Amino acid sequence: MIAVATEQRKKIHPHKFTLWLGIGSIIMMFAGFTSAYIVKSSQANFISVQLPKIFWFATAVILLSSLTMMMALRSFKQREMLKYNTLLTTTFFLGVLFIILQVIGFMQLTKSGITFTGNVSYSFLYTIIGIHAAHVLGGVIALMIMFIRAFRIKKRNYSSLPVELMSIYWHFVDVLWIYLLIFLLMIK
């Protein structure tokens with residue numbers, strides 16, 4: 001009986017398994033985008049793009065949000081609910097700020113004449129960064145749902161699984177952004 005209980009604890013939760021499958025799919029999608037970008041960058045009409053400095057500020061914001069998400073998970077597991085609520089709220093607003101900074105970065109690109117339809121290299125840039133921003137937006141929506149649940153008055157569920165899932169996803173979009181930023185800076 002003890003062996004069965006030990007085996008059950010070793011298995012991955014179905015929701016975590018599904019999340020990891022989704023993350024694997026997203027990785028494959030971005031691997032395809034970046035591979036196509038590399039292939040297209042060897043063509044004569046490919047134009048290198050200087051990224052606006054605001055993307056560096058966005059990077060600092062998403063790194064900070066990853067730290068607050070990690071601290072929120074730890075606080076939840078230690079049942080420090082006030083601290084958890086504060087850190088989750090901070091992560092949510094940092095996620096919103098990241099998206100705002102991304103929009104400002106796109107506006108700066110457009111203002112400098114780099115538009116989605118201007119050149120194939122511009123289209124790749126907008127597609128890669130835009131799809132990442134869409135994934136962050138999905139994470140922000142999930143954070144908003146968690147935020148609403150955290151401040152509900154009625155009885156709360158103290159399962160850490162939703163917070164763990166959110167933390168895994170949030171760290172993933174953080175690492176993905178760093179990869180994309182380094183990739184876009186190195187391919188010229």
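Count residues from 1 along the sequence. Keep in mind the model is a prediction, meaning the values are calculated, not measured. Note: hydrogens, waters and symmetry copies are ignored here, and every other heavy atom, side chains too, is used.
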Intermediate values then yes/no, side chain to side chain donor-acceptor pair (under 3.5 Å), Trp170 and Ser65 = CA-CA 8 Å; Trp170 199 253; Ser65 74; 2.8 Å; yes

For the residue pair [X] and [Y], establish whether any side-chain heavy-atom pair is separated by less than 4.5 Å.
X     : Y     : result
Ile26 : Phe30 : yes
Met70 : Leu67 : yes
Ile62 : Leu94 : no
Thr68 : Thr86 : no

Treating Ile, Leu, Val, Met, Phe, Trp and Tyr as nodes and any side-chain heavy-atom pair under 4.5 angstrom as an edge, say whether [X] and [Y] lie in one connected cluster.
X     : Y     : answer
Leu82 : Leu87 : no
Tyr37 : Val39 : no
Met28 : Phe33 : no

Any chance you could measure [X], atom [atom1], to [Y], atom [atom2], to the nearest 0.5 Å?
X      : Y      : atom1 : atom2 : result
Gln50  : Leu109 : CD    : CG    : 10.0 Å
His13  : Leu161 : NE2   : CG    : 4.5 Å
Leu88  : Lys83  : CG    : NZ    : 14.0 Å
Ile128 : Met29  : CD1   : CE    : 10.5 Å
Ile38  : Phe124 : CD1   : CZ    : 10.5 Å
Gln102 : Met107 : CD    : CE    : 13.0 Å

Can you give the donor-acceptor pairs under 3.5 Å from side chains of residues 135-148 to other protein atoms, not counting sequence neighbours?
| unit_1 | atom_1 | unit_2 | atom_2 | d |
| --- | --- | --- | --- | --- |
| His135 | ND1 | Ile131 | O | 2.8 |

query = Checking Arg79 against Phe76: charged group under 6.0 Å from the ring centre and within 45 degrees of the axis?
reply = yes

request  = Please answer whether the main-chain N or O of Val163 pairs with a side-chain N or O of Ser167 as donor and acceptor at a distance below 3.5 Å.
outcome  = no

Exercise answer: donor-acceptor pairs, residues 172-184 side-chain atoms, under 3.5 Å, sequence neighbours excluded:
| unit_1 | atom_1 | unit_2 | atom_2 | d |
| --- | --- | --- | --- | --- |
| Asp174 | OD2 | Ser66 | OG | 3.0 |
| Trp177 | NE1 | Thr59 | OG1 | 2.8 |
| Tyr179 | OH | Thr34 | OG1 | 2.9 |

query = Could Lys77 and Glu164 be called an ion pair, given the rule that one side-chain N must be under 4.0 Å from one carboxylate O?
reply = yes

key: CA sep, side-chain torsions, deciding dist, call: Tyr126, Thr110, side chain to side chain donor-acceptor pair (under 3.5 Å)   = CA-CA 10 Å; Tyr126 274 85; Thr110 302; 2.9 Å; yes

task = Taking all non-hydrogen atoms of both residues into account, name the closest pair between Gly105 and Pro52 and its distance.
result = O-CG, 3.7 Å

